[in-house]
Amino acid sequence: MKTVSAHSLIARPIATADGEFIARYSATGLAELDFPNAKAFVAPKRSEGGRRPSSVTLSVWHRLTVAALKSALAGRAPGQLPPLDWSGTTEFQQAVWREMLKLKPGQTRSYGEMARLIGRPKAVRAVGGACGANPVPVLVPCHRVLAAGRQLGGFGGGLAWKRRLLAREGVVL
DNA sequence: CACGCTACGACCA
DNA sequence: TGGTCGTAGCGTG
């Protein structure tokens, strides 16, 4: 597995009422989504050797990303997502993220429940780590994973974002 | 490189 | 307060 730096990804801005997000694409799909004013990104390892999507493919994916993001920011289901590039991430992380994709707007789970659902009931703290490593926040709804007792827990993009996203989905803490 | 070891959490009871 | 476990970072051969 080769390591590829982040600038081999193609970056596209997405203007929203909440600021400008940045989507980054590899040859196999959407690899990252950055919050507005996100700090310098730490590139994960990727296996796709710096290949880039064709411009046609890119525009199709980006259209899906933009629509999905705007829906999600409004508290609605994102609809169809572009393919996600999870290369360079671990099986464990992917299991956690796949489980998060099953959550509908307004539907929350605790870290412990997530651990149980992926068949690793004791890997509770590790689930927290996987949530924090989610490269595509909002669309992969890590904000719907709360601490036990419906406490807010943490959030890589800042707790204000987590609160805001949940509020738009009608979640009361 | 490939391990081995350690420290560290977006936790939970 | 301590059990638990996936990761990252670092040191060795």
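Computed from heavy atoms alone, side chains included, the values below leave out hydrogens, waters and symmetry copies.
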Any donor and acceptor pair, going by atom type alone, linking the side chain of [X] with main-chain N or O of [Y] inside 3.5 Å?
| X | Y | result |
| --- | --- | --- |
| A/Gln93 | A/Ala133 | no |
| A/Arg150 | A/Val172 | yes |
| A/Trp97 | A/Ala130 | yes |

From [atom1] of [X] over to [atom2] of [N], roughly how many Å is that when rounded to an integer?
| X | N | atom1 | atom2 | result |
| --- | --- | --- | --- | --- |
| A/Arg163 | B/dA10 | CZ | P | 16 Å |
| A/Met100 | B/dA10 | CE | C1' | 11 Å |
| A/Arg120 | B/dC12 | CZ | P | 17 Å |
| A/Arg144 | B/dA10 | CZ | C1' | 17 Å |
| A/Trp161 | B/dA10 | CH2 | P | 21 Å |
| A/Lys122 | C/dC5 | NZ | C1' | 10 Å |

Map A/Cys142 and A/Arg116 onto DNA chain B by nearest heavy atom, then report which one ends up closer to the 5' terminus. A/Cys142
Touch class at under 4.0 angstrom, heavy-atom based, for [X] against every strand present:
| X | result |
| --- | --- |
| A/Gly156 | base |
| A/Phe92 | sugar-phosphate |
| A/Gly112 | sugar-phosphate |

For the hydrophobic clusters of this structure (ILVMFWY residues joined by side-chain heavy atoms under 4.5 Å, transitively), does one cluster hold both A/Leu33 and A/Trp161? yes
Name the pairing partner of C/dT4, where a pair is Watson-Crick or G-U wobble with both distances under 3.5 Å, or state none. none
